[in-house]
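So you know, we letter chains A, B, ... as the sequences are listed, proteins then strands, and number each from 1. Please read all numbers here as calculations on a predicted model, not as lab measurements.
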Number of protein chains: 2
Amino acid sequence: MADVARLAGVAISTVSRALANPGRVNEKTRAKINAAARQLGYTPNAMARGLRVGKSNIIMIILPGSLYYGASQVIPQVLQSINKSLIQGGYNLMIANLDRDEISERHILDLAFGGSVRGAIILSSKLPEVDGRSLANSGLPIVSMLLDMSDAGLQSVVTNDREAVRDVTAELIRLGHRRFFYLAGPEGNYHDVERYGGVLEALEAAGLSEDSVHRSGGHLDYQHGFDIGVQAADDFAELTEKPTAVIATSDDMAISFVSRIQRTGLSIPGDVSVVSFDGSPVCEFCSPPLSTIKQPVEEMGRAAVDLLLDAIDQRQNTAAVRTVIRSSLILRESIAAPKN
Amino acid sequence: MADVARLAGVAISTVSRALANPGRVNEKTRAKINAAARQLGYTPNAMARGLRVGKSNIIMIILPGSLYYGASQVIPQVLQSINKSLIQGGYNLMIANLDRDEISERHILDLAFGGSVRGAIILSSKLPEVDGRSLANSGLPIVSMLLDMSDAGLQSVVTNDREAVRDVTAELIRLGHRRFFYLAGPEGNYHDVERYGGVLEALEAAGLSEDSVHRSGGHLDYQHGFDIGVQAADDFAELTEKPTAVIATSDDMAISFVSRIQRTGLSIPGDVSVVSFDGSPVCEFCSPPLSTIKQPVEEMGRAAVDLLLDAIDQRQNTAAVRTVIRSSLILRESIAAPKN
DNA sequence: CAGCTTATAGCAAACGTTTGCCAAAAACCG
DNA sequence: CGGTTTTTGGCAAACGTTTGCTATAAGCTG
């Protein structure tokens, strides 16, 4: 910067202002300074600036470590959409993994308390906390996404899991289905609770008992989507009185489940109707094409970023703590009325 | 830090050394300092440290912007594996997108020249360069992954695309196939060149002419994997003399292609054999299960990180500039001998 | 215990910016 | 043209670390 100042024949402070604080310096000197900077190939040092102003321009996204985002269909899309929105706001995206070990917790806390990041978007239900330091009172703006953590006081961007599942279940009931097979993700997980809750609500509304749904899975996380479906197919084969409709909590498990039970001679939707959650593109090309509840991940990502930047800029977050973006059912051939 | 020093009854410099430079300070005072730090909930400021030592602990991964990594099957896995390796080395991963516009190029250059990042892993064939600043001579250690950029002097970690495709083509020829359908990704792209080259090599080795392969696609990038397959199926339907074997350059396009031509009454592998590239898990659950060439993305990610950290630590990179990690063919039911 | 070596602690100067405050220059006004 | 306001530029002090150098304390040796 000193070099630029010398070349342009001005003081260092003027250069700083010309580059960062437009308006504060004469248009003419500013042009001169820009020219000098370009000529010297000068780029301001981000860390020096960050140190001085006490702010970083990095946002971290905290991903649950167990969630293998190569396999899960939604995480990559979330990353993409968040990153895109952040860049437009002049921020950069850093990835942080929150595993079950203390190491990763400490790592994230160091990032937060060490001034490295300016805000966080969290996709995990656990807030890192160790040795008295806790993400919650790091002073860092945080917004939760996918999971509702408004109880913990976090702005949360979620979809209407419960309602969407309730509606699709109701639709299946309307078609005549009475026996259901529910394919669970990690048990007790927010999504599992909400989605299963949606099933139960629909049953109750139709005057059906809770016994009309058989629960399978629940002891693996979404990382093992395909495995869950495979195991569930075995589970399904054991049942004497077969359910006629399957509700899966992710596309992956639906796909492997369908593949396996077709192999046992069952046809879809002839013998069994199937619907799943996520809305991944591949569903369209399965045989039969799978009905799926499409999560609006792009919109959710955008919304999360908007909320976060608002919080950073201290704009009053008059908005609700919980932002819901509705899922939409994509109806395909995997659903039909039961045989008789 | 001053507070910690005061509480521990030592000088600031001693605190610094105790925290960063172990060994240089007495074990006893160090314990005292650690205790004080914990009690005060002190975390060293990363930017101040970075400024002082002139180094950041952030690595950026440069992704081609057009590549929609929610859709492409391999990018998420790459991210996962790279991040995991980096964390073990004490580094953080930042995502940077390289689009076709100058904005994103400038953005990346600012990151590189502004001291924000310590090294880069690049998955794009274009090195940002604008206004005389160029990533190539930023002094930043860079390694290329997936694409061979050893010509540009970059350490490159790739798989043996050409060889793998050549081998599988040869195998198809051995089974009796003589007419091929090649499903291209972005034309001129490194992967396209290599993989198509592999096909041609196998044909030549078997004494078959280049006319025995029909090329389809090539005008969309991998982002539109499914679309490519759909269009290719239309293309396929036009052909009077149908090929008996299809070689697709990504799983996505294979999946949509298969779905569509099955709909026209063709059976796989009865009428057409199909093999694709990537090795995504979903292939196992297609009907029929798809043969695919599995890219060793995890190993490639690890290797790329190893090379990068070596370069950062100035360890002599006596190793070859080009690191090849072999793909492996996963043979499933989508391949058989042609009908007659 | 004096004289030496070695381990440990402290001082203060960087690192490259931004910014509050003041001075100088320019513009405006009567 | 003198006086007043506004614009623009410069000085120097931060921001929170690390680290070369020096001073002190501790440990050893004869």
Might you work through the side-chain contact (heavy atoms from CB on, under 4.5 Å) test for A/Q77 and A/Q80, ending with a clear yes or no?
CA-CA 5 Å; A/Q77 295 181 38; A/Q80 163 89 356; 5.5 Å; no

Look only at the side chain of [X] and the backbone of [Y], and say whether a donor-acceptor pair between them is shorter than 3.5 Å.
X      : Y      : result
A/S85  : A/N83  : no
A/H191 : A/L146 : yes
B/S116 : A/A46  : no
B/S144 : B/L147 : yes
B/S124 : B/P64  : no
B/S16  : B/I12  : no

Roughly how many Å is it from [atom1] in [X] to [atom2] in [N], rounded to a whole number?
X     : N      : atom1 : atom2 : value
A/N57 : C/dT17 : CG    : C1'   : 14 Å
A/L51 : C/dT17 : CG    : P     : 12 Å
B/D3  : D/dT17 : CG    : P     : 10 Å
B/E27 : C/dA9  : CD    : P     : 11 Å
B/K28 : D/dA26 : NZ    : C1'   : 13 Å
B/L19 : D/dG16 : CG    : C1'   : 13 Å
A/K55 : D/dA14 : NZ    : P     : 19 Å

Mapping A/M1 and B/T29 to their closest nucleotides on DNA chain C, which lands nearer the 5' end?
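Nearer the 5' end of the strand: B/T29.
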
Side chain to side chain donor-acceptor pair (under 3.5 Å) with A/S125: which residues, sequence neighbours excluded?
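Once residues adjacent in sequence are excluded, A/S125 has no partner under the side chain to side chain donor-acceptor pair (under 3.5 Å) criterion.
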
Side chain to side chain donor-acceptor pair (under 3.5 Å) with A/T159: which residues, sequence neighbours excluded?
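Residues passing side chain to side chain donor-acceptor pair (under 3.5 Å) with A/T159: A/S327.
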
A/R118 NZ/CZ over A/Y91 ring centroid, <6.0 Å and within 45° of normal
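Checked: cation-pi criterion not met.
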
Table please: side-chain donor-acceptor pairs of residues 1-9 of chain A below 3.5 Å, with sequence neighbours left out.
residue	atom	partner	partner atom	Å
A/D3	OD1	A/R6	NH1	3.4

Over the length of the helix from C/dC1-D/dG30 to C/dG30-D/dC1, how much do the five-pair end axes diverge, rounded to 10 degrees?
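One end axis against the other gives 30°.
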
Residues that [X] engages under salt bridge (Lys or Arg N to Asp or Glu O under 4.0 Å), provided they are two or more places apart:
X      : value
A/R30  : A/E27
B/K126 : B/E105
A/D131 : A/R106, B/R38
B/D313 : B/R315

When you measure from the side chain of B/R49, which nucleotide among D/dT17, D/dC15, D/dG9 comes out closest?
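Nucleotide nearest to B/R49's side chain: D/dT17.
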
Among D/dG16, C/dT19, D/dT19, the nucleotide that comes nearest once only the side chain of A/R52 is considered:
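In terms of side-chain proximity for A/R52, the closest of D/dG16, C/dT19, D/dT19 is C/dT19.
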
DNA chain D contacts among residues 107-117 of chain A, heavy-atom distance under 4.0 Å
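Hits under 4.0 Å, by residue number: none.
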
Under a 4.0 Å heavy-atom cut-off, which of residues 32-48 of chain A touch DNA chain D?
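Correct list: empty, so none.
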
Check DNA chain C against residues 9-16 of chain B and give the residues with a non-hydrogen atom under 4.0 Å, in numerical order.
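Heavy-atom cutoff 4.0 Å gives B/V10, B/A11, B/S13, B/T14.
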
Does the protein touch nucleotides 21-26 of chain C at the base, only the backbone, or not at all? Give it as B, S and - per nucleotide, heavy atoms under 4.0 Å.
B-----

A/L135 to A/I142 - nearest heavy-atom pair and separation
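Answer, listing the atom of A/L135 first, then A/I142: O-CD1, 3.7 Å.
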
